[in-house]
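Letters go in sequence order (proteins before strands), and every chain restarts at 1.
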There are 2 protein chains.
Amino acid sequence: MRVMGVDPGLTRCGLSIVEGGSGRKVTAVDVDVVRTPGDMDLAQRLLAVADAAERWMDIHEPGAVAIERVFAQHNVRTAMGTAQAGGVIALAAARRGIPVAFHTPSEVKAAVTGNGTADKRQVTAMVTRILGLPSAPKPADAADALALAICHCWRAPLLERMAAAEAKAAAAQRRYRERLAEQRKAVHG
Amino acid sequence: MRVMGVDPGLTRCGLSIVEGGSGRKVTAVDVDVVRTPGDMDLAQRLLAVADAAERWMDIHEPGAVAIERVFAQHNVRTAMGTAQAGGVIALAAARRGIPVAFHTPSEVKAAVTGNGTADKRQVTAMVTRILGLPSAPKPADAADALALAICHCWRAPLLERMAAAEAKAAAAQRRYRERLAEQRKAVHG
């Protein structure tokens with residue numbers, strides 16, 4: 001599975017492509033950081049980020065897009081821009097029929113380091129090791145975008161199995177209720 | 001000037017079209033509320049909101065799009081979705097070359113009621129009166145979308161005059177500095 005990882009942002013937006021193989025084998029295909037100037041019109045910044053992400057989707061044809069789920073940060077203004085950048089990329093994926101998944105920062109950290117509260121340094125070190133890169137990806141947004149994609153490669157099969165198990169359980173419960181209703185009807189009807 | 005007003009949201013997104021005339025004359029052309037179900041995939045909700053807004057832009061051809069600027073609210077999760085809905089609509093406008101303006105809730109309230117802390121009831125009552133509507137627009141998101149467009153019709157000329165005055169002042173200052181540099185050169189050079 002080819003996954004596009006996105007560390008959303010307006011000032012810096014990390015984009016990555018990671019190829020997931022069998023087991024936990026993952027390979028980095030591409031990584032970059034898109035920047036837009038802070039004095040640019042907000043709508044124009046969103047356009048620049050969306051255009052860059054769409055170019056990546058057209059070139060790399062990912063099978064899934066994994067975006068960091070944004071929470072309110074220290075700076076509310078920044079959080080809103082970050083959410084909007086993630087939103088326009090999710091929209092671009094939806095228009096192409098590519099499934100979109102959101103992972104929280106702690107889910108990403110837990111997936112790549114085993115610790116949901118790991119710091120940026122630890123995340124970068126583990127991403128470098130997991131992907132077998134010759135040097136640490138820079139800036140941190142690039143490493144985060146790679147971590148997002150790795151997290152998705154590893155979590156997606158689990159999430160799919162969970163969804164399948166839940167659907168199976170719901171179907172079993174529905175069949176049980178139907179049988180119960182029939183038996184009641186046979187007794188009382 | 002034809003303005004599209006947007007009260008952004010995923011559960012309910014208010015859209016309006018208001019025609020601004022000379023002075024403070026404003027006329028409502030259209031108003032509606034787009035809804036997406038809460039259990040729908042986030043990317044699909046953004047797609048539904050963006051599609052609806054783009055249809056409006058194609059039909060009504062607004063000269064400007066005015067969107068409510070979102071701040072962190074009580075519910076952070078809701079605020080992020082609201083920011084993302086506003087973001088995808090701003091993107092759609094930018095793609096069409098339509099200028100986008102963001103107004104804060106208090107700017108909108110102050111414009112239509114004269115009071116930046118007016119409540120929803122007062123805003124709806126003033127919007128109904130200003131536009132000469134036979135009855136109050138419902139739900140509140142529809143009234144808010146109309147208030148946004150009215151606010152932009154009234155603020156846009158002022159904002160343009162301010163931008164023009166600032167540009168003029170900057171040019172005058174530049175000329176003054178150039179003259180000063182020339183005089184210094186004439187004296188010392």
Mind listing the closest non-hydrogen atom pair of A:Gln44 and B:Ala94 along with its distance?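 Looking at all heavy atoms of both residues, the closest pair is NE2-CB, 4.1 Å.
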Answer with yes or no whether the hydrophobic clustering places [X] together with [Y]; edges join I, L, V, M, F, W, Y residues whose side-chain heavy atoms lie under 4.5 Å apart.
X	Y	answer
B:Met57	B:Val88	yes
A:Val127	A:Val6	no
B:Leu148	B:Val33	no
A:Val29	A:Val34	yes
A:Trp56	A:Val65	yes

In terms of heavy-atom contacts, does CZ of A:Arg96 have more than 12 from other residues, nucleotides or ligands at under 6.0 Å?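 Atom CZ in A:Arg96 is crowded, with more than 12 foreign heavy atoms closer than 6.0 Å.
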Taking every non-hydrogen pair under 4.5 Å, which of A:Gly87, A:Ala93, A:Pro99 racks up the most with chain B?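 Maximum pair count with chain B is reached by A:Gly87.
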Tell me which of these, A:Leu91, A:Val100, A:Ile89, has more heavy-atom pairs under 4.5 Å with chain B than the rest.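 The answer is A:Leu91.
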Non-hydrogen atoms of chain A under 4.5 Å away: do they reach the side chain of B:Leu42, the backbone, both or neither?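 For B:Leu42, side-chain heavy atoms alone lie under 4.5 Å from chain A.
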Checking B:Arg69 against chain A: side chain, backbone, both or neither under 4.5 Å from a heavy atom?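 The answer is the side chain of B:Arg69.
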Between B:Arg95 and A:Leu46, does a side chain to side chain contact (heavy atoms under 4.5 Å, CB included) hold up when you go through it step by step? CA-CA 10 Å; B:Arg95 281 216 195 288; A:Leu46 290 170; over 6 Å; no
What residue in B:Ala83, B:Ala90, B:Ala50, B:Gly81 has the most heavy-atom pairs under 4.5 Å with chain A?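 Between B:Ala83, B:Ala90, B:Ala50, B:Gly81, the count favours B:Ala83.
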Could you name each residue pair satisfying ring pair (Phe, Tyr, Trp, His ring centres under 6.0 Å) that touches residues 100-153 of chain B, not counting sequence neighbours?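 Only B:His103-B:His152 qualify under ring pair (Phe, Tyr, Trp, His ring centres under 6.0 Å).
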Which residues, numbered in order, of residues 15-28 of chain A come under 4.5 angstrom of chain B by heavy-atom distance?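 From residues 15-28 of chain A, none sit under 4.5 Å of chain B.
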